[in-house]
Amino acid sequence: MIECTHVFKRYKNGVNALYDINLKIDQGEFVYIIGPTGSGKSTLIKLLDGEEISTKGKVNVVGIDVGKLRHSKVPIYRRNIGVVFQDFRLLPTKTVFENIAYALEVIDMNKQVIRSRVRSVMNLVGLDDKGNAFPNELSGGQQQRVAIGRAIANRPKVLIADEPTGNLDPAMSDEIMSLLEKINAAYGTTILMVTHDLTLVNKHRKRTIVLEHGHIVADLAEGGYVQHDQ
Amino acid sequence: MSSMINRIWRPIKEGFKGVFRHGAMSFSSASAVTITLIIISLFLIFTANVRRFTLGLEQEVQIACMVDYDHESAEEEDRISLAIQALPGVKSVTYSSKADEFQYYIDSFDDESTKEAFEPFRESNPMHDAFYVEVDNNTNIEEIASQIEAIDGISKVRYGGAEAVKLIGALRSIRTVGGILAIALSLLAILLIQNTIKLTIQARADEIVIMRNVGAKNGFIRAPFVIEGILIGALGAIIPIILTYFGYRYLYNLTGGHVISDMFTLIEPIPFIYQISLLLLIIGMIVGLIGSYFSVSRYLRWKR
Ligand SMILES: Nc1ncnc2c1ncn2[C@@H]1O[C@H](COP(=O)(O)OP(=O)(O)O)[C@@H](O)[C@H]1O
Ligand SMILES: [Mg+2]
């Protein structure tokens with residue numbers, strides 16, 4: 001489902017963000033990527049969603065060689081994966097309903113189908129009554145649930161989340177975690193979640209990949225992680 | 001099938017929504033368009049009327065060419081006529097025989113006794129055969145006149161009112177300067193508008209990135225922005241059109257359709273103001289289209 005082989009990333013300014021990343025994630029897995037700030041977590045996500053291209057090595061997601069994608073094909077590739085960010089990234093002048101519908105409009109889905117799909121997604125993320133609200137009228141946790149709803153609306157095989165709980169308090173973070181677990185269980189969606197919230201990682205145990213200075217330093221199949229310099 | 005209609009309808013709907021949901025930005029862009037179009041409108045009205053004056057004057061000016069007494073044979077005159085017609089800028093050549101000229105001269109007097117007094121000269125007719133030449137608009141009468149004078153068999157060339165000719169020359173320069181100014185100002189204004197639209201789209205660069213993140217292809221992202229630009233251009237044209245419509249009619253009524261003297265007649269308001277209005281609307285929309293298209297495209301190019 002997701003496979004990185006000998007992936008290196010060096011930014012134009014000379015910063016080496018990732019070294020020799022080898023990684024294999026199967027369909028239906030739920031995996032954490034943890035590590036300190038600047039360890040290359042976001043860079044890995046950007047390589048996976050096509051925002052950046054690896055300097056060396058191969059990034060393969062849902063059978064597509066992401067690094068080889070032409071500029072015009074990147075959006076089409078993105079329809080296979082859902083991406084969620086720390087800062088939600090909702091369209092500010094669109095309502096909740098329209099934000100979720102947008103991900104379906106881009107694939108030219110029939111209007112009636114869009115309407116019922118958006119309703120069921122809003123129900124899944126627990127925002128049944130917020131369809132006409134604009135993002136700035138919602139709490140952070142609600143906005144993130146809209147973003148997750150939008151990311152999974154077209155039933156992608158993979159959901160990638162870069163610190164989805166980074167801007168949320170612990171209670172809301174827990175809610176988001178439960179939602180992601182629900183999606184993982186209900187649709188068999190492969191979920192890759194970047195976080196540095198160790199409480200969360202230790203509470204909801206999953207396979208955990210640890211990055212440090214651009215290297216994978218641990219890949220704990222049964223999860224749980226104790227920071228060693230603490 | 002419905003997806004085809006959707007592909008056309010959706011950007012239009014989204015474009016309209018965009019204009020209203022980004023009210024403040026739309027307003028600032030539309031204002032830039034408005035100011036520009038008012039300036040363009042003034043120049044259009046000005047140059048069109050100056051052009052009208054020139055045309056009016058040029059119509060009054062024709063060149064009378066007298067044929068030498070010793071070149072009055074039919075072959076000679078055919079040759080001269082063809083030679084005149086061959087000159088660039090000549091619109092028409094009308095022949096008038098010396099008998100016609102004489103009659104015309106006599107008819108120009110009102111009282112019978114004067115007419116009588118000229119009768120004895122009919123036999124020895126002192127008039128010349130003549131060609132009357134009309135020239136195209138925008139041609140230099142003096143130059144053509146001297147070219148005609150150089151043709152073998154032409155004795156004399158006269159053209160109406162040196163004053164008129166000078167005035168035509170002056171108006172022509174005014175028009176040229178006005179035209180150049182209008183184009184320069186329009187270009188400047190288009191840059192201004194393009195810049196305003198660019199700024200508003202820059203403010204929405206985040207939106208464009210999000211749209212690409214969610215899987216929207218470039219065309220899908222661009223279309224609503226372009227429609228929005230066209231709409232803003234059209235909205236910006238409203239005030240200039242209203243000002244042109246009422247302002248020009250007011251000016252026309254105020255002056256009675258003439259300025260300075262009867263020679264300078266203003267263009268009738270209808271359909272002139274409709275034409276100007278349509279032109280303003282089209283300019284506004286095209287500028288909106290071009291401005292938004294290039295601004296969005298620039299963002300789409302370097303976001304992956
Ligand atoms: N666009 C970029 N250009 C240059 N350097 C970058 C860019 N993005 C990230 N970096 C650098 O790459 C390293 C890894 O960053 P990042 O992947 O964002 O880490 P994390 O998400 O784990 O905090 C950091 O040193 C960061 O400064
Ligand atoms: Mg990061």
Side-chain angles (χ1 to χ4, degrees), chain A residues 12 45-53 66-67 69-85 87-95 98-114 134-136 146-154 156 160 162, chain B residues 1-29 200-225 227-229 231-232 292 296-304:
Chain A
K12 279 201 200 76
I45 296 293
K46 285 177 188 161
L47 293 179
L48 292 175
D49 78 2
E51 254 179 273
E52 295 285 349
I53 300 172
V66 185
L69 282 174
R70 297 213 330 263
H71 185 264
S72 62
K73 297 286 180 220
V74 172
I76 296 164
Y77 160 68
R78 296 238 170 90
R79 298 169 189 178
N80 295 297
I81 57 167
V83 190
V84 176
F85 300 94
D87 54 358
F88 321 131
R89 302 204 189 170
L90 298 173
L91 295 164
T93 57
K94 289 191 185 296
T95 63
E98 289 166 342
N99 262 284
I100 298 172
Y102 194 89
L104 303 173
E105 285 167 2
V106 302
I107 55 174
D108 210 5
M109 194 185 260
N110 175 288
K111 260 181 147 161
Q112 258 71 44
V113 182
I114 291 181
F134 284 93
N136 63 3
V146 177
I148 292 170
R150 183 181 62 186
I152 57 148
N154 69 348
I160 301 172
D162 191 354
Chain B
M1 44 140 225
S2 78
S3 91
M4 186 64 200
I5 298 167
N6 204 29
R7 210 164 294 163
I8 298 165
W9 181 236
R10 188 190 170 277
I12 297 175
K13 206 175 65 187
E14 292 291 309
F16 269 89
K17 267 195 216 163
V19 170
F20 291 105
R21 291 195 182 167
H22 300 91
M25 283 185 195
S26 305
F27 183 79
S28 73
S29 303
T200 67
I201 288 181
Q202 247 167 44
R204 289 163 69 183
D206 290 346
E207 280 182 57
I208 293 173
V209 176
I210 294 168
M211 289 168 178
R212 256 187 91 85
N213 269 330
V214 178
K217 283 195 277 189
N218 288 354
F220 190 88
I221 298 173
R222 193 191 283 125
F225 278 99
I227 300 280
E228 218 179 294
L231 275 173
I232 286 171
S292 54
V296 184
S297 297
R298 171 185 309 206
Y299 264 91
L300 288 169
R301 213 172 310 128
W302 46 265
K303 295 287 191 236
R304 211 178 133 80

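Everything numeric in this text was worked out from a predicted model, so none of it was measured. Letters A, B, ... mirror the listed sequences (proteins, then strands); counts begin at 1.
A donor-acceptor pair is defined here as one N or O able to donate and one able to accept, closer than 3.5 Å; such a pair exists between the side chain of B/Arg304 and the backbone of A/Gly50. With hydrogens and angles disregarded, a donor-acceptor distance shorter than 3.5 Å links the side chain of A/Arg79 to the backbone of B/Gly215.
The greatest number of non-hydrogen atom pairs below 4.5 Å with chain B, out of A/Ala153, A/Ser72, A/Pro92, A/Gly82, is found for A/Pro92. Considering only heavy-atom pairs separated by less than 4.5 Å from chain B, the leading option among A/Val83, A/Leu69, A/Asn154 is A/Leu69. In terms of heavy-atom pairs under 4.5 angstrom with chain B, the leader among A/Asn80, A/Ile53, A/Ile107 is A/Ile53. In terms of heavy-atom pairs under 4.5 angstrom with chain A, the leader among B/Leu300, B/Asn218, B/Val214 is B/Val214. By number of non-hydrogen pairs under 4.5 angstrom with chain B, the leading residue of A/Val106, A/Leu90, A/Asp49, A/Ile81 is A/Val106.
When all heavy atoms are compared, the tightest approach of A/Pro75 to B/Ala216 is CB-O, 3.3 Å. Closest of all the heavy-atom pairs between B/Asn213 and A/Glu51 is OD1-OE1, 4.2 Å.
Atom OG1 in A/Thr95 sits 6.0 Å away from atom CZ in B/Arg21 (nearest 0.5 Å). Here the NE2-CZ distance, from A/His71 to B/Arg301, works out to 9.5 Å after rounding to the nearest 0.5 Å. Rounding to the nearest 0.5 Å places OH of A/Tyr102 at 5.5 Å from CD1 of B/Ile221.
Contacts of A/Glu98 with chain B are made by side-chain atoms alone, with heavy-atom separations under 4.5 Å and no backbone atom involved. Using a 4.5 Å cut-off between heavy atoms, A/Phe85 touches chain B through its side chain atoms alone.
Side-chain contact between B/Ile210 and A/Lys94 is absent, with no heavy-atom pair separated by less than 4.5 Å.
Residue pairs meeting the salt bridge (Lys or Arg N to Asp or Glu O under 4.0 Å) criterion with at least one partner in residues 202-220 of chain B, sequence neighbours excluded, are B/Arg204-B/Glu207, B/Arg204-B/Glu228.
Evaluation of the side chain to side chain contact (heavy atoms under 4.5 Å, CB included) rule for B/Phe20 yields B/Phe16 as partners, not counting sequence neighbours.
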